[in-house]
**Student:** 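I have a structure here, written as structure tokens, and I will follow up with some questions on it.
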Amino acid sequence: MSMFCYQCQETSRGTGCTLRGVCGKTQDTANMQDLLIYTLKGIAMVNSEERKLGINDEQTDRFMMDGLFSTITNVNFDKAYFVAKVKEALSLRDKIKKQLASAGIETGGMHDAVTWYADTEEEFDSKAASVGILSTGDADVRSLRSLILFGLKGIAAYATHAANLDYTDEGISEFMEKALIATLDDGMNVDDYVALTLETGKYGVDVMALLDKANTSTYGDPEITKVDIGVRDNPGILISGHDLKDLQQLLEQTQGTGVDVYTHGEMLPAHYYPEFKKYPNFAGNYGNSWWMQDKEFASFNGPVLMTTNCLIPPKDSYKGRVYTTGVVGYEGLKHIEEGPGGKKDFSEIIEHAKRCDPPAEIEKGEIVGGFAHEQVSGLADSIVEAVKSGAIKRFFVMAGCDGRFKSREYYTEFAKALPKDTVILTAGCAKYRYNKLDLGDINGIPRVLDAGQCNDSYSLALIALKLKEAFGLDDINELPISYNIAWYEQKAVIVLLALLYLGVKDIHLGPTLPAFLSPNVAKVLVENFGIAGITDVDNDMDILMKA
């Protein structure tokens, strides 16, 4: 039984992984992920009926979010995890069915996603073969269903982070159910799915606003910060991923232990939040984006905590030092479970760190970030004046994801080639392609303004909307802003859909367009929104400078 997965930018041959994921995911794990998604669609169907009765179970909402999140690229590689989750999903689905039956609502005639059942792993494997991406025959419908599903995975990731900080929105969960159900509705046509795709973008905006509120209410508004990229002499723990609550608990538990904490990858923006600055052992950022972890985890010497996606199959040289938590998983790695009230006990990883050498130094210096929407609002007058005076000619939004393909060097070269009267607005790990370049400033305004993690692309949208207001413009596309965005996984998909919902046009997306866009769907995006791929630096520079 082969797999089919084309949800990430690095998918095999630009069409789809069929034997083993480029990410390292095995075909049996990929198939179990498909089966979990299918079963979640069944839960969505029966749970939406319960909502009509005025019943809402937050635990079901959370299970749905975690289930979708666990199938994002580079989150969980462990087939046993997904087998257990499918069993749990079947149990939850049938519990809801019984509750509906007691209210006089029969579910026996509903979709197979509601009624199928199996007991053994072999039966799961057999079922998985018939419910994956390719079970939708029409290429355009399959493409749009995939676009919506991958957007939902991004929504689920951001909703999970917000929920970890006790911020939830029932409307988001309700929409996720509606959209999951729609991906099984053979009565919907292409136009219906295009409309639903834009609605998915609307809820992408909503969930990023929710997470922004959760993060800033809990940890304060990000502020301009210089982050050390060198090392200290103490043993350390390297924390990667995105979850700020995990970082908070780790910092609390390492106080007075002699162990320093360093960020890696998408955890870098944690340094911008005022709340985290009170911890004296919060040392700095170590390394670069996710795909360089095989070298950087090895040289770090101490244990590594993976809190969300961006894990790659670990090498034997450091595998024994990698811990996972939340929905992250890999066979053979130690997993730290959540206890009552969301508490996690990191004592094992702290004791492990004490036995390790300090990190090996791989670079020195500082990088500057913290340009989220509130901070940039404080600079608004200076920015507006710089634009009016001609000191700043254009802004370039270069947000999104990094990746390992050599073609990604394009983004470094593009940043280097930008005229000195332009400013880069960035968020996500794409920034590692240029955030250590010496690009200077314009009248004291750095030429690279880092808003934070991928979800902080919401800040970039708010900045654009505030600039539109400041200049008295009617259309966001009248601003001197060009969009040259890199993507890799499904959180970037929901960021893209959110920007489309907000009316942003003429986005250049690379290094390749998604494999899940059929020619006809790609044509719709080009004609309606001006979506384009990238070519070469000189050609794209000429196009985007004239946008």
**Student:** State, yes or no, whether a side-chain contact exists between Glu199 and Ile148 at a heavy-atom distance under 4.5 Å.
**Tutor:**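 Glu199 does not reach Ile148 side chain to side chain.
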**Student:** With a 4.5 Å heavy-atom cut-off, do Met32 and Leu36 have their side chains touching?
**Tutor:**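 The answer is no, as the side chains (C-beta and beyond) never meet within the 4.5 Å cut-off.
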**Student:** State whether Asp34 and Lys41 are salt-bridged, where the test is any N-O pair (Lys NZ or Arg NE/NH1/NH2 against Asp/Glu carboxylate O) under 4.0 Å.
**Tutor:**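 No, no charged N to carboxylate O under 4.0 Å.
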**Student:** State whether the side chain of Thr160 and the backbone N or O of Ala156 hold a donor-acceptor pair below 3.5 Å, judged by distance alone.
**Tutor:**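 At least one qualifying donor-acceptor pair exists.
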**Student:** State whether the side chain of Gln490 and the backbone N or O of Gln7 hold a donor-acceptor pair below 3.5 Å, judged by distance alone.
**Tutor:**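 Indeed, once roles are kept as given, a pair shorter than 3.5 Å links the two residues.
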**Student:** Identify the residue among Leu499, Leu500, Leu496, Asp506 that makes a side chain to side chain contact (heavy atoms under 4.5 Å, CB included) with Phe529.
**Tutor:**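 Of Leu499, Leu500, Leu496, Asp506, side chain to side chain contact (heavy atoms under 4.5 Å, CB included) with Phe529 is met by Leu500 alone.
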**Student:** Work out which heavy atom in Lys431 is nearest to a heavy atom in Pro269; give both atom names and the distance.
**Tutor:**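 Where Lys431 meets Pro269 most closely, the heavy atoms are NZ-CG, 3.9 Å.
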**Student:** Does one side chain, of Thr325 or Lys344, offer a donor that lies under 3.5 Å from an acceptor on the other?
**Tutor:**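 There is such a pair (donor and acceptor under 3.5 Å, judged by atom type) between the side chains of Thr325 and Lys344.
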**Student:** With side-chain contact (heavy atoms from CB on, under 4.5 Å) as the criterion, how do Phe77 and Leu311 come out once you've worked through the C-alpha distance, each side chain's angles and the decisive distance to 0.1 Å?
**Tutor:** CA-CA 9 Å; Phe77 298 79; Leu311 175 68; 4.2 Å; yes
**Student:** Examine the side chains of Asp540 and Asn484 and answer whether a donor and an acceptor come within less than 3.5 Å of each other.
**Tutor:**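 Per modelled atom types, Asp540 and Asn484 side chains form no pair under 3.5 Å.
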**Student:** Is the number of heavy atoms from other residues, nucleotides or ligands within 6.0 Å of NZ (Lys436) greater than 12?
**Tutor:**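 Enclosed: over 12 neighbouring heavy atoms sit under 6.0 Å from NZ of Lys436.
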**Student:** When you look at Phe175 and Thr200, which way does the side-chain contact (heavy atoms from CB on, under 4.5 Å) test go after all the steps?
**Tutor:** CA-CA 8 Å; Phe175 171 76; Thr200 305; 3.5 Å; yes
**Student:** Could you tell me the separation between the CD1 atom of Ile494 and the SG atom of Cys454, rounded to the nearest 0.5 Å?
**Tutor:**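 Rounded to the nearest 0.5 Å, the CD1-SG separation comes to 11.5 Å.
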**Student:** Do Asn455 and His242 have side-chain N/O donor and acceptor atoms under 3.5 Å apart?
**Tutor:**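 Short answer, no.
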**Student:** Between Asp112 and Lys127, does at least one N-O distance fall below 4.0 Å, as a salt bridge requires?
**Tutor:**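 Lys127 and Asp112: salt-bridged.
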**Student:** Does Tyr330 reach the side chain of Lys319, with side-chain heavy atoms less than 4.5 Å apart?
**Tutor:**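 Counting from C-beta outward, Tyr330 and Lys319 do come under 4.5 Å.
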**Student:** Is any side-chain heavy atom of Trp116 less than 4.5 Å from a side-chain heavy atom of Leu35?
**Tutor:**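 Yes, close enough: below the 4.5 Å cut-off.
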**Student:** Examine the side chains of Asn285 and Thr263 and answer whether a donor and an acceptor come within less than 3.5 Å of each other.
**Tutor:**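 Checked: Asn285/Thr263 side chains pair up, N/O donor to acceptor below 3.5 Å.
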**Student:** When you check the side-chain N and O atoms of Tyr501 and Asp206, is any donor under 3.5 Å from an acceptor?
**Tutor:**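 Note: Tyr501 and Asp206 side chains miss the donor-acceptor criterion.
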**Student:** Does Thr168 reach the main-chain N or O of Ala163 with its side chain, forming a donor-acceptor pair under 3.5 Å?
**Tutor:**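 No; zero donor-acceptor contacts below 3.5 Å.
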**Student:** Are a donor atom and an acceptor atom from the side chains of Asn520 and Ser518 found within less than 3.5 Å of each other?
**Tutor:**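 Asn520 vs Ser518: no donor-acceptor pair found between side chains.
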**Student:** Checking the side chain of Thr412 only, and the main-chain atoms of Tyr434 only, is there a donor and an acceptor separated by less than 3.5 Å?
**Tutor:**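 No; judged by distance alone, with no hydrogens or angles, the pair does not exist.
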**Student:** What distance do Ser459 atom OG and Gln453 atom CD have between them, rounded to the nearest 0.5 Å?
**Tutor:**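 Ser459 OG to Gln453 CD: 11.0 Å, rounded to 0.5 Å.
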**Student:** So which heavy atom on Leu40 is nearest to which on Met64, and how close?
**Tutor:**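 Shortest heavy-atom separation between Leu40 and Met64 comes out as O-CE, 3.3 Å.
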**Student:** Which of these passes ring-ring contact (aromatic ring centres under 6.0 Å, His included) with Phe396: Tyr411, Tyr483, Phe414?
**Tutor:**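 Only one option passes, and that is Phe414.
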**Student:** Would you check if the side chain of Gln9 reaches a backbone N or O of Pro511 as a donor-acceptor pair within less than 3.5 Å?
**Tutor:**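 Flag not set: sc Gln9 to bb Pro511 has no pair under 3.5 Å.
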**Student:** Is Val22 close to Cys8 at the side-chain level, that is, under 4.5 Å between some pair of heavy atoms?
**Tutor:**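 No, their side chains stay 4.5 Å or more apart.
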**Student:** Just verifying a value: how many Å separate Asp450 CG and Ile424 CD1, rounded to the nearest 0.5 Å?
**Tutor:**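 Asp450 atom CG to Ile424 atom CD1 measures 11.0 Å (nearest 0.5 Å).
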**Student:** Check for a donor-acceptor pair, side chain of Thr307 on one end and backbone N or O of Ser240 on the other, with a separation under 3.5 Å.
**Tutor:**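 Yes, Thr307 side chain to Ser240 backbone: donor-acceptor pair under 3.5 Å.
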**Student:** Return yes if some donor-acceptor pair links the side-chain N/O of Ser143 with the main-chain N/O of Ala139 below 3.5 Å, else return no.
**Tutor:**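 The answer is no, because no donor-acceptor pair under 3.5 Å joins these two groups.
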**Student:** Between Lys406 and Glu409, does at least one N-O distance fall below 4.0 Å, as a salt bridge requires?
**Tutor:**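 Judged by the 4.0 Å cut-off on N to carboxylate O distance, Lys406 and Glu409 do form a salt bridge.
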**Student:** Walk me through whether Phe63 and Asn47 qualify under side-chain contact (heavy atoms from CB on, under 4.5 Å).
**Tutor:** CA-CA 12 Å; Phe63 183 85; Asn47 204 52; over 6 Å; no
**Student:** Is it the case that atom CD in Glu123 sees more than 12 heavy atoms from other parts of the structure closer than 6.0 Å?
**Tutor:**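 More than 12 within 6.0 Å, yes.
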**Student:** Report yes if the side chains of Leu268 and Asn435 come closer than 4.5 Å at any heavy-atom pair, otherwise no.
**Tutor:**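 Side-chain contact under 4.5 Å: yes.
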**Student:** Assess, by modelled atom type and distance only, whether the side chains of Asn288 and Arg433 contain a donor and an acceptor separated by less than 3.5 Å.
**Tutor:**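 No pair is found: no donor N or O on one side chain lies under 3.5 Å from an acceptor on the other.
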**Student:** I would like to know whether Ser70 and Lys85 meet side chain to side chain donor-acceptor pair (under 3.5 Å); could you show each step before the answer?
**Tutor:** CA-CA 10 Å; Ser70 68; Lys85 282 298 177 185; over 6 Å; no
**Student:** Nearest 0.5 angstrom please: Tyr158 OH to Met208 CE, how far?
**Tutor:**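 Taking OH in Tyr158 and CE in Met208, the distance rounds to 6.0 Å.
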**Student:** Please say which of Phe300, Tyr432, Trp291, Phe297 ends up in a ring-ring contact (aromatic ring centres under 6.0 Å, His included) with His264.
**Tutor:**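 Result: among Phe300, Tyr432, Trp291, Phe297, Phe297 is the only option passing the ring-ring contact (aromatic ring centres under 6.0 Å, His included) with His264.
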**Student:** Please confirm whether the backbone N or O of Val328 pairs with a side-chain atom of His335, one donor and one acceptor, at under 3.5 Å?
**Tutor:**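 Pair found, side chain donor or acceptor close to backbone of Val328.
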**Student:** How about Leu149 and Leu68: do any of their side-chain heavy atoms sit closer than 4.5 Å?
**Tutor:**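 Yes - at least one pair of side-chain heavy atoms lies under 4.5 Å apart.
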**Student:** The test is side chain to side chain donor-acceptor pair (under 3.5 Å); show your working for Glu489 and Asn309 and say whether it passes.
**Tutor:** CA-CA 10 Å; Glu489 42 89 334; Asn309 58 306; 2.9 Å; yes
**Student:** As an exercise, state the distance from OG1 of Thr71 to CD1 of Ile37, rounded to the nearest 0.5 Å.
**Tutor:**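 Answer for the OG1-CD1 pair, Thr71 versus Ile37, is 4.0 Å.
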**Student:** Over all heavy atoms of both residues, which pair between Leu180 and Ala44 is shortest? Give the atoms and the distance, please.
**Tutor:**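 So the two residues come closest at CB-CB, 4.1 Å.
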**Student:** Where do Ile485 and Val495 land on the side-chain contact (heavy atoms from CB on, under 4.5 Å) test, with the steps shown first?
**Tutor:** CA-CA 10 Å; Ile485 294 176; Val495 170; 5.7 Å; no
**Student:** Minimum heavy-atom separation for Leu502 to Ala461, with atom names?
**Tutor:**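 What the structure gives for the nearest pair is CD1-CB, 3.6 Å.
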**Student:** Got a salt bridge between Lys523 and Asp140, using NZ or NE/NH1/NH2 to carboxylate O under 4.0 Å?
**Tutor:**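 Salt bridge absent between Lys523 and Asp140.
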**Student:** Give me the atom names and distance for the closest heavy-atom approach of Asn76 to Val327.
**Tutor:**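 So the two residues come closest at ND2-O, 2.9 Å.
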**Student:** So, do Val537 and Tyr410 sit near enough that their side-chain heavy atoms are less than 4.5 Å apart?
**Tutor:**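 Yes; the side chains approach each other to less than 4.5 Å.
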**Student:** Would a distance-only check, ignoring hydrogens and angles, find a side-chain to backbone donor-acceptor pair under 3.5 Å from Tyr38 to Ala113?
**Tutor:**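 Yes, the answer is positive, given that a donor and an acceptor are paired below the 3.5 Å cut-off.
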**Student:** For the rings on Trp290 and Tyr488, is their centre-to-centre separation under 6.0 Å?
**Tutor:**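 Yes: the rings meet the under 6.0 Å criterion.
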**Student:** Rounded to the nearest 0.5 Å, how far does OG1 of Thr120 lie from CZ of Phe124?
**Tutor:**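 It is 7.5 Å, given to the nearest 0.5 Å.
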**Student:** For Gly137, does its backbone N or O pair with a side-chain atom of Arg142 as donor and acceptor, under 3.5 Å?
**Tutor:**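 Pair found, side chain donor or acceptor close to backbone of Gly137.
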**Student:** Give a yes or no on this: more than 12 heavy atoms of other residues, nucleotides or ligands lie within 6.0 Å of atom CG of Asp536.
**Tutor:**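 Yes, because the 6.0 Å sphere around CG of Asp536 holds more than 12 heavy atoms from other groups.
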**Student:** I need the minimum non-hydrogen distance between Leu90 and Ala118, along with the two atoms involved.
**Tutor:**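 In this case the closest contact between Leu90 and Ala118 is CD1-O, 4.0 Å.
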